[in-house]
Amino acid sequence: MNTILRSFFGKILKGKVSKNLNKKLKRLRFPSLSSKRDLVDNVGVLQLKYQKAEGLDFVDLIYSVMNQAYQKNVKILFFPGGLQYVFFPSFKENSKYVKYFTENHFNDFVRVFSKMAAGFGINIFTGEFYLYENNEIVRCGMVIDNYGKVSYIYKKPKSKLEVPPTFRFGNLNFAFLSTEEILMYEFSKLSVIRGANVLVNCSIGNISPHRYFEFRGIWSRCQQFKVCGINATMVGETPWGYSNLPSGLYGPIEFFKKGIIATAEKSSETELIIGKFGLEGVNIPVLEQSGLNKLMKTLKL
């Protein structure tokens, strides 16, 4: 009986939260986009100081960030992983909570990003988050285009290292990798073999006891493969520990001073980092199919 009552009241609460969220989104005011939607080309990366911003407060937070990005002529904005901890502060990394989030909050979570992307005319990568599918926890990331539609999505088991397909945007191919995958040479190499010229780390809890090596990890991959890199992090006291790993955009040292396109001024505060890749002169290495087959065999993919 208790289980039935909890389920009943849970559905009522879910309906109320969704209804209030929809009202909030409808009241928002967005700029007139006219022809600007496809003309800007800045890349934005959000470094976010962890905070609790549940439900409607989350709308205000994302709206503020998107408005800043719009003012800076950003065309695509990368959020850090783990934003579901901000949207639903009670979230925990176990099957019970991930399943509850998936069933009760996921649609509202995505609806916020969709509304913001369409309203400001900015493509969004949501950062990585957890979902519960087929009786397991999966890592998920999605790109929502500047019309509010999901144009790319990847899902991979939480417990497995795996290189998802690249995402094509303009003349760029993005590969979304976790911190662990970025630190392993083989996964970065496989992404480049598959055509990636931008390696992205917007994973959940992308910190470790070796923060220096994490920064050097994506930076060094840019130097090894002559590609660009993006690192979007949650900073401060996060649900997975203290983080002061700065967010930023990186590239080959031959084209960008010290291999840095743009980086956060402070490593412990919320900051929107803006940069341009300018990859026209970057020579992306072409690797033979035999090399790809050998590497995939080694990684057992």
Side-chain angles (χ1 to χ4, degrees), residues 40-47 69 72-81 125 127 161 163-164 166-203 206-235 243-269 271-288 291-292 295:
V40 296
D41 60 355
N42 286 340
V43 176
V45 176
L46 178 66
Q47 174 177 283
K72 297 291 186 180
N73 290 329
V74 168
K75 189 168 187 177
I76 184 167
L77 176 60
F78 292 83
F79 283 85
F125 178 64
L161 298 179
V163 179
T166 59
F167 167 66
R168 181 77 177 178
F169 184 78
N171 66 332
L172 303 175
N173 280 323
F174 294 91
F176 299 95
L177 304 173
S178 68
T179 297
E180 296 82 3
E181 290 158 354
I182 284 287
L183 289 173
M184 295 180 68
Y185 173 86
E186 291 81 5
F187 285 92
S188 297
K189 183 175 181 179
L190 180 56
S191 298
V192 174
I193 290 174
R194 289 178 171 176
N197 49 18
V198 184
L199 304 179
V200 181
N201 180 15
C202 299
S203 61
N206 48 1
I207 61 172
S208 78
H210 309 290
R211 294 185 181 92
Y212 173 75
F213 291 105
E214 288 184 0
F215 167 74
R216 297 292 292 185
I218 198 163
W219 181 90
S220 64
R221 301 301 173 229
C222 294
Q223 312 318 315
Q224 289 168 333
F225 301 115
K226 305 306 176 190
V227 297
C228 291
I230 288 175
N231 199 46
T233 59
M234 198 96 72
V235 296
S243 170
N244 61 359
L245 178 67
S247 300
L249 300 93
Y250 311 99
I253 201 167
E254 295 88 347
F255 299 92
F256 305 100
K257 186 178 179 180
K258 296 182 179 180
I260 298 174
I261 301 171
T263 189
E265 293 183 4
K266 297 181 179 179
S267 60
S268 58
E269 298 294 332
E271 189 174 333
L272 182 62
I273 302 107
I274 310 295
K276 291 184 179 181
F277 288 128
L279 281 173
E280 293 82 4
V282 178
N283 180 26
I284 306 299
V286 178
L287 302 175
E288 296 180 357
L292 172 61
L295 185 60

Side chain to side chain contact (heavy atoms under 4.5 Å, CB included) between V163 and E181, worked out: CA-CA 8 Å; V163 179; E181 290 158 354; 5.6 Å; no
Under a 3.5 Å distance rule, please check whether [X] uses its side chain to pair with a backbone N or O of [Y] as donor and acceptor.
| X | Y | value |
| --- | --- | --- |
| E254 | G259 | no |
| N201 | S203 | yes |
| R194 | A175 | no |
| W219 | K258 | yes |

Least distance between heavy atoms, V74 atom then I76 atom: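 Looks like CG1-O, 3.2 Å.
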With a 4.5 Å cut-off on side-chain heavy atoms, are [Y] and [X] touching?
| X | Y | answer |
| --- | --- | --- |
| K189 | Q224 | no |
| N42 | K276 | yes |
| N244 | V235 | no |
| L161 | S178 | yes |
| P252 | C228 | yes |
| F255 | I261 | no |
| N231 | V45 | no |
| F174 | I230 | yes |

Nearest-0.5 Å distance, [atom1] of residue [X] to [atom2] of residue [Y]:
| X | Y | atom1 | atom2 | result |
| --- | --- | --- | --- | --- |
| I193 | E186 | CD1 | CD | 10.5 Å |
| M234 | S247 | CE | OG | 10.0 Å |
| C202 | L46 | SG | CG | 9.5 Å |
| L199 | S188 | CG | OG | 5.5 Å |
| I182 | I218 | CD1 | CD1 | 4.5 Å |

Qualifying residues under salt bridge (charged side-chain N to carboxylate O under 4.0 Å, His left out), relative to E180, sequence neighbours excluded: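 Residues passing salt bridge (charged side-chain N to carboxylate O under 4.0 Å, His left out) with E180: none at all.
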Test side chain to side chain contact (heavy atoms under 4.5 Å, CB included) applied to N173 and R168, step by step: CA-CA 5 Å; N173 280 323; R168 181 77 177 178; 2.9 Å; yes
Check: F125 ring centre within less than 6.0 Å of F176 ring centre: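 Between F125 and F176, the centre distance is under 6.0 Å.
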